[in-house]
Number of protein chains: 2
Amino acid sequence: MKATILTIGDELLIGQIIDTNAAWMSQKLTALGISVLERITVPDEHGPIVEGIRYCLRKSDIVLITGGLGPTKDDITKLSIADYLGVGMEFHKEVFDRIKAIFAPRNIPLTDAHKDQCYLPENVEILTNTMGTAPGMLWQHEGKQIVSMPGVPYEMKAIMTEQLLPRLAQNPDRKVILHKTIMTAGMGESSIADKIKDIVDGFDEEVSIAYLPGLAQVRLRITAKGDNESVLQSKLDKAVELVCDRVSDLVFGYDEITLQEALQEMCIDRGLTLGTAESCTGGHVSHLITSISGSSAYYKGSAITYCNALKQKMLGVKAETLEAYGAVSEQVVEEMVKGALDLLDVDIAVALSGVAGPKGGSIEKPVGTVCIAVGTHGLLETRTILSSKDRSKNIAYASNQALNMLRKYVLQVK
Amino acid sequence: MKATILTIGDELLIGQIIDTNAAWMSQKLTALGISVLERITVPDEHGPIVEGIRYCLRKSDIVLITGGLGPTKDDITKLSIADYLGVGMEFHKEVFDRIKAIFAPRNIPLTDAHKDQCYLPENVEILTNTMGTAPGMLWQHEGKQIVSMPGVPYEMKAIMTEQLLPRLAQNPDRKVILHKTIMTAGMGESSIADKIKDIVDGFDEEVSIAYLPGLAQVRLRITAKGDNESVLQSKLDKAVELVCDRVSDLVFGYDEITLQEALQEMCIDRGLTLGTAESCTGGHVSHLITSISGSSAYYKGSAITYCNALKQKMLGVKAETLEAYGAVSEQVVEEMVKGALDLLDVDIAVALSGVAGPKGGSIEKPVGTVCIAVGTHGLLETRTILSSKDRSKNIAYASNQALNMLRKYVLQVK
C-alpha cells in the first residue's frame, strides 16, 4: 500500500511552525509497512488543496491530509474535498452532540463556527476525535482513500492511533515489519555501538538496528522486515535477547517506556515511597514523575527550593555548608536529601542542585554542572554531572540522570 | 516573486528526521517578501525528482531544492536536474580546487566520490559552500530559476545566507510581507474571532489575520503584504492596535513570548516574589517558570504536595477542609495559597489541585477538573476549570491557566 501526505497551512509555508506531524505520520505508516511516497504542503486555499489531492491520489492509494480544519479556517479543507469528490455538505448530528457534550459542562455557548464544524462532505466515515471538536474524516473514492484530520498534533495523533492505524493494519498485502525498542540509560550511542558491534555484525539480513539517542538515554530499535511473521518474530526476539544480555545494566525497559514509568513500577513493586528536592531543575523531575498515571501510589511530593533561604528553611541545609561549599555542591545535595526524607516522610529521596545556565557559571562550576544525591537515611549516593547544552536541555538531561540514579538505587533495595 | 521548495530524501519520507530546513528557508524567503507557495518532499529517485521540479516550476518563479547531494546519494539530484534542463554534465575545476584545498591540510586523500562532486549540469552558476564540499548551484531556465543545495542544515544555511538571499534581495519586483503575532490567553479561538469580527472584516485587503490555537492560548498572527513597506507597516500597526484594544485583557505580549516570560518581566518590574503550591500539576508550573533564565530573581520555590498528608504538614491545610470538600476544591487550594505564602516567604502564591486523569474522576469532579487559587494574604482569586484532554494536556492546560491567572492578578497590583 502506498501513501502520500498533504499538509495544509499558511503557517507552515511562512515557516512559523515546523511540520512535526509529517515525520510522526511517516514513522507510523512506515512501521505498518506502508510506503510514504511523497509529501506536499499547500496554503489554506481552495485551488492548491484540490490540486494537491489530485496530485497525491495519482501517486498513491491513500492520501492523509492534515490541517485547515479549525473553526476560523473557513472550512476551506472540507469544501475543497467536497469539490474534489463532487459532493455536497451534510449535517452530522453525532458530531454536533459530541461538541455540545464537550462544551455543556463548561458553560461555553456554542457559536455558528461550532455548528459549521458539523457540516461534512457527503459519504464520510467519521474518525472520532477524542481530543477535540473537529472530527477526523475518511472517504472511499474510486478505489482510493482520502483521510482528513486536524493539524493540532495531539488531535491528529489521537485520531491516527485510535482510529486510522488499526484500520490500515488490517490491510492483507503489506510487508511484515516488526520492531522492538530497547530503552537504555547511562551510556552514549557510540560506546553502546562499540560494545555490541560483534552482535550487530552477526545479525541476519532481515534484521537491523537503529540508534536513537536522547538526553541521557539511547533507544536501540531492532527491526525485522520480511514475509513470514513467525520467522521474523523469532529472529527479532533472538537479536533483542543478545543485545540486552550484553548491556543489561543499561536497559530499563522496552518500546518507549520512560524512565519514570520503569521507576514507578519498581517502587510500587517494592512498596517504596519517593520524594524529591529540587533546585536547578525547578520541578522538572517532579513533573516527569507525576506525568505518569498512578504515580500518587508511591510519589508523595517535593520541596522546590529555588532560593538558598528555602533550602535552609524547608530542608534544613546548614548555612555553614552553603557558605563553605556553595549551593551547587555534593555536600548541599546530601543535606537536601536528608531534609527531604524528614519533611516528606518518604523512604527514598533525590536532590539536585546545579547551574542550568546560560548565566551563573564559573570556572570551577561551569554551566551544566549539576550535583545529584539519592538515598535513604542510611545510604547516600552522590555524583556530579556536566552537560553542555542550553538551559532547557541541561534541565532535561539532569532530570533524566536523576531518574536513572533512582532506578539503579532502587534496584539494590531488596 | 513566488517560490516553491523541493526537499529530497528517503529519510524524510520514513519520518526518521523532521524537516527543519523547509521552515527555516520559508522564514527567510518570507522575510524578503517572497511568497512560498508550496513545499514538496520526494524520495531519492530520478522520476519523482524530475516531476517534482516540473510541478514546482509550473507554480513559481524559483524552486529551491535541498538534499540528495551527498556522496552516498549517487548524485541523483544533479542527474535529475540535468535531465530536466536537457543538458549534459561538465567538470568544474574551481570546485575541484576548493575540495583539494579543504582536504590537503588534513592529509585526506581525494576519492572518486569527491571528483564526481565536481561534475555539474551545464550552464550552472556556482553558489560557494563555505561549510562543506558540495557546492550550491543555480540555473536560469526559461525565465525561471532552479537552486540546488545540500540538505545538511548548516551547509544549506551558509549558502542561503552568504550567496542566495543577497541575490534575491536585489530583485526589484518582490513583495513586502510584514508579520506581527499577538499572544493571547483566556479565551478560545472561536470566541476571539466573534469578538473581533467587525475589525477583521474592516481590514484593508493587504492585511490578514490567522488564528493559531495552543493550550489555553491563541496566537493571532497579523500579516500585511504589498509593495510599499512604510505604508504596510502603518497598516499593520493600525490593525494590531485595533485588535489589541478590543481584547486587551487577553493580550500578554507579542511575537512568541511565553506566559512565563511575560510574568517574570511583570513581577521583576514590580519587585514581587512568587511561590507555588502544586498538587495535580506535580511541579509543571514550577518547571515552566524556572525554564526561563533569570527566574531566580523573583521565583523562590514550591511545595509539591502530591499527597494529602503533605498538604497538611507543609501547607497547613486543615483535615476538616479536606474531609468536608475533598482535595480537589476551591477551599483546599485557598488554604494551600495561605500556607505557601507563609512557608515560602513570598508576596504572591498560586495553588492547584485537580484530577489530571485518566483515573480518579467522579460525576461531580470529572477528569480535567482543576481548582486554582492565586493570592496574597489579603486578596484571593479562585476558579475551577475543566479540561477534556489526556493527562499530559490537562496538566499543561491547567498550568497555562494558572500562569494566566497570575498574570492578571499581578496586573492589578499597583
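Throughout, a chain's letter reflects where its sequence line sits, starting with A, and its residues are numbered from 1.
Within the 4.5 angstrom heavy-atom criterion, only side-chain atoms of B:T30, from C-beta onward, approach chain A. Both the backbone and the side chain of B:K300 have a heavy atom closer than 4.5 Å to some heavy atom of chain A. Using a 4.5 Å cut-off between heavy atoms, B:L344 contacts chain A through both its backbone and its side chain. Both the backbone and the side chain of B:L12 come within contact range of chain A, judged by heavy atoms closer than 4.5 Å. In this structure, the portion of B:D194 lying under 4.5 Å from any heavy atom of chain A is its side chain and not its backbone.
Counting heavy-atom pairs closer than 4.5 Å to chain B, the top-ranked of the candidates A:P43, A:A158, A:G357 is A:P43. Contact count against chain B (heavy-atom pairs under 4.5 Å) is highest for A:M131 among A:K359, A:M131, A:E278. Between chain B and the options A:G294, A:S295, A:G132, A:G15, heavy-atom pairs under 4.5 Å are most frequent for A:G15. Counting heavy-atom pairs closer than 4.5 Å to chain B, the top-ranked of the candidates A:I102, A:L37, A:I395 is A:L37. Contact count versus chain B (heavy atoms, under 4.5 Å) is highest, among A:I14, A:V36, A:I18, for A:I14.
Between the side chain of B:K313 and the backbone N or O of A:L343, at least one donor-acceptor pair lies under 3.5 Å. Between the side chain of A:T41 and the backbone N or O of B:E38, no donor-acceptor pair lies under 3.5 Å. Looking only at distances, no side-chain donor or acceptor of A:S302 sits under 3.5 Å from a matching main-chain atom of B:I304.
Residue-environment remark: NZ (B:K59) exceeds the threshold of 12 foreign heavy atoms within 6.0 Å.
Here OG1 of B:T290 is found 6.5 Å from CZ of A:R391. Values are rounded to the nearest 0.5 Å. Of the inter-residue distances, the one linking B:H287 atom NE2 with A:S399 atom OG reads 7.5 Å to the nearest 0.5 angstrom. Taken from OH in B:Y306 to OG1 in A:T276, the straight-line distance is 12.0 Å, to the nearest 0.5 Å. To the nearest 0.5 Å, atoms SG (B:C307) and OH (A:Y298) are separated by 13.5 Å. Here the OG-NE2 distance, from A:S291 to B:H284, works out to 10.0 Å after rounding to the nearest 0.5 Å.
Residues that satisfy the side chain to side chain contact (heavy atoms under 4.5 Å, CB included) test with A:C56, not counting sequence neighbours, are A:T4, A:L6, A:I40, A:V63. When the side chain to side chain contact (heavy atoms under 4.5 Å, CB included) test is applied to A:T305, the partners found at least two apart in sequence or on another chain are A:A303, A:L310, A:K311, A:M314, A:L315, A:M336. Residues that satisfy the side chain to side chain contact (heavy atoms under 4.5 Å, CB included) test with A:T223, not counting sequence neighbours, are A:I177, A:H179, A:S208, A:R221.
Within the 4.5 Å cutoff, side-chain heavy atoms of A:Y154 are placed close to those of B:L215.
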Please test B:K393 against A:E155 for salt bridge (charged side-chain N to carboxylate O under 4.0 Å, His left out), starting from the C-alpha separation and ending with a verdict.
-> CA-CA 11 Å; B:K393 294 293 182 301; A:E155 298 189 21; over 6 Å; no

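Classification of A:E11 and B:R219 as a salt-bridged pair fails, no side-chain N sitting under 4.0 Å from a carboxylate O.
For B:S293 against A:P358, the heavy-atom pair with the smallest separation is OG-CD, 3.3 Å.
The interface of residues 19-29 of chain B with chain A, defined by heavy-atom distances below 4.5 Å, comprises B:D19, B:T20, B:A23, B:S26, B:Q27.
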